[in-house]
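A short worksheet on the structure shown next.
Chain identifiers are assigned alphabetically (A, B, ...) following the order of the sequence lines, protein sequences preceding nucleic acid strands; residue numbering begins at 1 within each chain.
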Amino acid sequence: MLDKTYSPKQFEQEIYQNTIDEFSPSNSCNKSFSILMPPPNVTGSLHLGHALNCTIQDILVRYHRQNNANVLWQPGMDHAGIATQMVVTRELEAAGIDAKSLTREELISKIWEWKNKSGNLIFDQQKALGCSASWELSRFTMDENFQKAVVEAFVALYKDGLIFRAKRLVNWDTKLKTAISDLEIQNKEEKGILWHIKYKIADSEEFVTIATTRPETMFGDSAIAVHPDDGRYKKLVGKIAIIPYVNREIPIIADGYVDMEKGTGCLKVTPAHHFNDFAIGKRHNLEMITVVDQNGHTTSDYVPEFVNGLYVKKARKLLVEKLKEDGILVKEEEIVHSVPYGDRSDTVIEPLLTDQWFVDAKAMAKDAIKVVEDGEIKFYPEKWKNTYFEWMRNIEPWCVSRQIAWGHQIPAWFGPNGEIFVERTEEEAAAEAAKLGIAKEKLRRETDVLDTWFSSALWPFATLGWPGKTDRLQKFYPTSVLVTGFDILFFWVARMIMASLHFMKKIPFKDVYIHALVRDEHGQKMSKSKGNVINPLELMEEYGADALRFTLAFLSVPGRDVKLGKEHVKISRNFITKIWNAARFLQSKEVPFDKKLTDIQVKGKLNRWIVAKLKKFQDEISQNIKEYRFDYATRNIQFFIRDIFCDFFIEAMKFQDDQETKSVAGAVFAEFLRIVNPFIPFVTDYLAKSLGICDTFILAAPVNIEDAEPSIEKEVDEFVELIHAIRSEKQASEGQSSEYASLLERLNNWSGELKNIAGIIRQ
RNA sequence: GGUCGCAUAACUCAGUUGGUAGAGUAUCGCGUUCACAUCGCGGAAGUCGCAGGUUCGAGUCCUGCUGCGACCACCA
């Protein structure tokens, strides 16, 4: 007999183990269904975002397994270059080891050590949630085969002219001492000061006043720019301005980029330290003068002694004081402006001129835009298409080199005179070098590694064995659907589409289901500093994994944030308890569970009615899953079991418990459990076992249900309505009104068998 | 500044080609009758952000406005 209380912790583990062998694809030649799991960071532990992401994927794969598909849910882990190196560096520091004192090789081996020790945490947590991923096919973006794929891809892109090396202005993180991509920047609104500084005009007593928030870069100025139509400054164009203290002469030029409204209308142009100035510099062929180094210090012969060699903020402070003293500072204006920060280091990003590797994203974006335009790849919800286009149509070269140790080392070798050899191996590079008369010993391997997202972009095919031509690629590529959050639409989704089209000549997935961020119950972003983080593991501990899954599915309304509070999960747990108790009732009635609906002659009206409702329910859930409306599905589940099955059918059973009704009850409930299994696998499998329905629903195919006669469904629906009306009127009039009497009379005159269950009104 | 969303009961949200506004929670009343108080039955609760327009008819379509949010751009 089932326990009186529903206590999920007692059986979840056991149920999971019971089905674990079915998670991998079979060798059958059924239609394939495949999903790539977005690989969590190796440093990650399960948060609610993962839980939502995994729940949705698990519902899909479990549903398709039941529906006779050969299912692959490809799991894996991302090496998360910068994030992981930071975590391990911090741990080493805590242990008294200065990471900077280690050689590159030593640091890398320390990171591997760490990975092997604590890198698999999240997998266990995903298992606790019930994820039925194909675990033994799991991949890591730094494992040997994946490294091969990355080298192959990099070399191919280089030879196709889609990767190039160039000296360009990049976002430089002065704390991590590496370049990062545009996407890894978070702009923050800050209060700042706009300093108005006057530069003397050569051969005159006049001055030109510029406005800047970064005076310390003035020594890197190459020009002062004004708008060509700006009447105030027209006469200055062509003249020469003199940078204070260093007395370097720079031209005053006209450029349409300048905004007459902003600042003084005169813009200091510092091409080596500002992206827009860089563009102006290119247009006017200006000198690029670097005055800030990779540590964020002012360091240059161009910088006067008194502010040289200082951290930029310090230099700025001293310089402003001096400018004030000397009467060169004309005005200080408080402003609010946005300042770029590195998303990992949380430190101000310095635009720096450095040699880096770039992917020509613009060229690769073309096809990637087209497949979405043509509907080959569909976004759910569709609106994300616009965001995707917006970004893809304005895409810039992607800086993929990182000056850190942990990651895929770029397969490039430099000759003594800057020759570049991009090859798969050192031998191949040496062979190419030899053709130019360069000895192998003279080659120097590039130490930069690739942006983590470069390897992630290969995920759809590298996980399946590319560059080999494997069975799994054949069977599972393109994958069926990608389930992910909008926060990595550009980082990951767009780049996978670009890479896949280039290497596979085929789209990587047909559908992209984009879910929202999980926020707290008030709609606030969960963050440690706010202290509103809800740990999914605690929720599972308290209410069970099924309750959490059901809640997440319930709240996953397309295009809306998922606002999750503990209360929701409790409500779901209570709902699951309802299913539990229904099972207990059926068990106490000794309802048989060994017969399927197809084996039963269903004659009674009540019974045909419940079968019709089940059929409708079965169809609806299939439709909901097809349309990725997990929110509808959970609402339908609640409606069927609560309003239809428990509140009416079970109550009616208390007045009609002949053998046919019992058999129907057992068969309907069994099929209900099967349908709901993908959503709440633990409790449904446990009930299936306990009631003797089957060992597990994991591969249980849908029962074929015949359509019911509409007349019967309609009659019982009307009967149900009458019951509700009677209860309501009884309550309102305390059973005294004539309306109540006439409703009762209608019930008494109801012809046929339904009259027998009239006692249900007392409920 | 550009783009895209969102606004429905006290709260969280549904409302799928326009046709009498729905659910859960909270609240109020009744209830422990052989599944279930982690519950049941019943009730109350909404000028569908505001203003126009199209239509026989608008929560739904169009325009404008207000408020909120996200993303992109921007360290004059």
Side-chain angles (χ1 to χ4, degrees), chain A residues 2 4-7 182-183 185 187-190 192 194-196 209-214 217 225 258-268 273-277 333 335-341 348-351 381 383-391 394 486-487 489-490 516-517 519 521-523 525 543 547 554-555 557 559-565 567-568 570-589 623-624 627 629 631-632 634-635 638-639 642-643 646-647 650-651 653-654 723-724 727-732 734 759-763:
Chain A
L2 288 164
K4 194 167 157 52
T5 48
Y6 160 61
S7 350
D182 301 345
L183 288 177
I185 285 178
N187 289 300
K188 291 190 193 175
E189 290 261 298
E190 277 182 5
L194 191 58
W195 287 281
H196 294 239
T209 303
I210 54 91
T212 179
T213 54
R214 299 205 54 190
T217 63
V258 178
D259 186 338
M260 292 186 262
E261 309 287 312
K262 279 189 188 167
T264 61
C266 300
L267 177 69
K268 74 191 261 304
H273 293 288
H274 190 286
F275 287 96
N276 291 321
D277 292 9
E333 191 184 337
I335 54 155
V336 175
H337 61 157
S338 70
V339 181
Y341 281 79
V348 177
I349 291 304
E350 199 65 51
K383 65 164 183 175
W384 289 109
K385 210 164 74 169
N386 297 324
T387 311
Y388 175 81
F389 288 144
E390 174 71 14
W391 189 67
N394 299 301
F486 63 79
D487 50 328
L489 182 60
F490 306 144
L517 243 51
R519 297 165 179 279
E521 56 207 310
H522 309 293
K525 213 169 184 171
Y543 301 110
F554 186 90
L555 294 174
V557 177
R560 210 185 251 277
D561 287 335
V562 172
K563 289 183 198 162
L564 186 132
E567 193 59 25
H568 285 288
K570 187 177 167 190
I571 290 163
S572 299
R573 191 274 317 268
N574 293 354
F575 170 69
I576 293 168
T577 307
K578 184 85 186 163
I579 301 174
W580 182 269
N581 284 316
R584 286 183 60 227
F585 174 78
L586 298 178
Q587 196 177 40
S588 74
K589 280 274 178 185
Q623 191 60 27
N624 296 155
E627 293 169 352
R629 289 305 302 257
D631 56 327
Y632 284 3
T634 49
R635 282 165 177 80
Q638 288 184 330
F639 182 72
R642 186 186 283 148
D643 297 44
C646 291
D647 291 353
I650 280 191
E651 292 308 324
M653 248 187 109
K654 292 175 181 171
I723 299 296
H724 282 296
R727 285 172 180 166
S728 178
E729 187 56 33
K730 186 183 176 188
Q731 194 81 22
E734 293 177 349
I760 196 173
I761 53 165
R762 74 171 186 194
Q763 188 62 31

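Rounded to whole angstrom, the span from the CD atom of E189(A) across to the P atom of G69(B) amounts to 13 Å. In this structure, E390(A) atom CD and A73(B) atom C1' are separated by 10 Å, rounded to whole Å. One interatomic measurement links the two molecules: CG of D259(A) to P of G1(B), which rounds to 12 Å at whole-angstrom precision. In this structure, NE2 of H337(A) is placed 18 Å from P of G1(B), rounded to the nearest angstrom. Rounded to whole Å, the distance from CZ on F575(A) to C1' on A23(B) is 13 Å. Protein atom CG of N581(A) is 19 Å distant from nucleotide atom P of U32(B), rounded to whole Å. In this structure, CD of Q587(A) is placed 15 Å from C1' of C34(B), rounded to the nearest angstrom. Protein atom CG of N574(A) is 15 Å distant from nucleotide atom C1' of A35(B), rounded to whole Å.
Mapping L194(A) and K383(A) onto RNA chain B by nearest heavy atom places K383(A) at the nucleotide closer to the 5' end. Position along RNA chain B of the nearest nucleotide to N276(A) versus C646(A) favours C646(A) as the more 5'-ward residue.
Atom-to-atom distance recorded for N581(A):CG and K4(A):NZ is 7.5 Å, nearest 0.5 angstrom. The CG atom of L555(A) lies 11.0 Å from the CG atom of D561(A); values are rounded to the nearest 0.5 Å. One finds the NZ atom of K589(A) at 10.5 Å from the CD1 atom of I650(A) (value rounded to the nearest 0.5 Å). Of the inter-residue distances, the one linking R629(A) atom CZ with T634(A) atom OG1 reads 10.0 Å to the nearest 0.5 angstrom. Atom-to-atom distance recorded for I760(A):CD1 and K654(A):NZ is 9.0 Å, nearest 0.5 angstrom. Here CD1 of I210(A) is found 9.0 Å from NE2 of H196(A). Values are rounded to the nearest 0.5 Å.
In terms of the side chain to side chain contact (heavy atoms under 4.5 Å, CB included) criterion, residue partners of K383(A) (sequence neighbours excluded) are, by chain and number, P381(A). D259(A) pairs by the side chain to side chain contact (heavy atoms under 4.5 Å, CB included) definition with E261(A), K262(A), not counting sequence neighbours. Partners of K563(A) according to the salt bridge (Lys or Arg N to Asp or Glu O under 4.0 Å) rule, which considers only residues two or more places apart in sequence or in another chain, do not exist here.
Taking 4.0 angstrom as the limit, K589(A) places none of its side-chain polar atoms (N or O) nearer than this to OP1 or OP2 of C34(B). Residue K4(A) places at least one side-chain N or O under 4.0 Å from the OP1 or OP2 atom of C36(B). In this structure, K654(A) reaches the A35(B) phosphate: one of its side-chain N or O atoms is under 4.0 Å from OP1 or OP2.
The gap from the C1' atom of U60(B) to that of G15(B) amounts to 9 Å, rounded to the nearest Å. Only the P atoms considered, U8(B) is 16 Å distant from C61(B), to the nearest whole Å. Going from the C1' atom of U12(B) to that of U27(B) covers 16 Å, rounded to whole Å. Comparing the P positions of G49(B) and U16(B) gives an interatomic distance of 15 Å, to the nearest angstrom. If you take atom P in C39(B) and the same atom in A26(B), they sit 9 Å apart, rounded to whole Å. Nucleotides G46(B) and C41(B) place their C1' atoms 24 Å apart, quoted to the nearest Å. Only the P atoms considered, A44(B) is 16 Å distant from A10(B), to the nearest whole Å. Comparing the same atom, P, in C48(B) and in G1(B) gives a spacing of 32 Å after rounding to whole Å.
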Derivation of the side-chain contact (heavy atoms from CB on, under 4.5 Å) call for Y341(A) and V348(A): CA-CA 4 Å; Y341(A) 281 79; V348(A) 177; 3.8 Å; yes

May I have the step-by-step check of side-chain contact (heavy atoms from CB on, under 4.5 Å) for R635(A) and N624(A), ending in yes or no? CA-CA 10 Å; R635(A) 282 165 177 80; N624(A) 296 155; over 6 Å; no

side-chain contact (heavy atoms from CB on, under 4.5 Å), that's the test. Do L194(A) and H337(A) meet it? Break it down for me. CA-CA 10 Å; L194(A) 191 58; H337(A) 61 157; over 6 Å; no

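Residue R727(A) places its side chain closer to C41(B) than to any other of C41(B), C39(B), C4(B). In this structure, of A76(B), A35(B), C30(B), it is C30(B) that holds the atom nearest to the side chain of Q731(A). Nearest nucleotide to the R519(A) side chain, out of C74(B), A70(B), A35(B): A70(B). The side chain of I571(A) lies closest to U25(B), out of A76(B), C71(B), U25(B). Between U38(B), A76(B), C36(B), one nucleotide has an atom nearer to the side chain of T213(A) than all others, and that is A76(B).
Ring-plane geometry between Y6(A) and W580(A) is classed as tilted, the angle between the planes lying from 30 to 60 degrees on a 0 to 90 degree scale.
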Starting at the 5' end of RNA chain B, write a dot or bracket for each base, bracketing those in Watson-Crick or G-U wobble pairs whose two distances are under 3.5 Å and using | for partners on another strand. (((((((..((((.....[..)))).(((((.......))))).....(((((..]....))))))))))))....

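For C36(B), its base never sits under 3.5 Å from the side chain of T577(A) at any donor and acceptor pair. For E567(A) against A26(B), no side-chain N or O and base N or O form a donor-acceptor pair under 3.5 Å.
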What are the atom names and distances for every N/O pair under 3.5 Å that joins the protein to nucleotides 8-18 of chain B?
| residue | atom | partner | partner atom | Å |
| --- | --- | --- | --- | --- |
| C13(B) | OP1 | K563(A) | NZ | 3.3 |
| C13(B) | OP2 | K563(A) | NZ | 2.8 |
| C13(B) | O3' | R560(A) | NE | 3.2 |
| C13(B) | O2' | R635(A) | NH2 | 3.1 |
| A14(B) | OP1 | R560(A) | NE | 2.7 |
| A14(B) | OP2 | R560(A) | NE | 2.7 |
| A14(B) | OP2 | R560(A) | NH2 | 2.9 |
| G15(B) | OP1 | R629(A) | NH2 | 3.3 |
| G15(B) | OP1 | Y632(A) | OH | 2.7 |

Protein-nucleotides 59-62 of chain B N/O pairs closer than 3.5 Å?
none

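Residue-level contact check: H196(A) touches neither bases nor backbone, having no heavy atom under 4.0 Å from any strand. Using a 4.0 Å heavy-atom distance criterion, S728(A) is classed as a sugar-phosphate-only contact. Nucleic acid contact class of L517(A) (heavy atoms, under 4.0 Å, all strands): none. Using a 4.0 Å heavy-atom criterion, one finds that I349(A) contacts the bases of the nucleic acid, with or without backbone contacts as well.
Y632(A) has its side chain out of reach of Q623(A): every pair of non-hydrogen atoms, C-beta onward, lies at least 4.5 Å apart.
No more than 12 heavy atoms of other residues, nucleotides or ligands sit less than 6.0 Å from atom NZ of K570(A).
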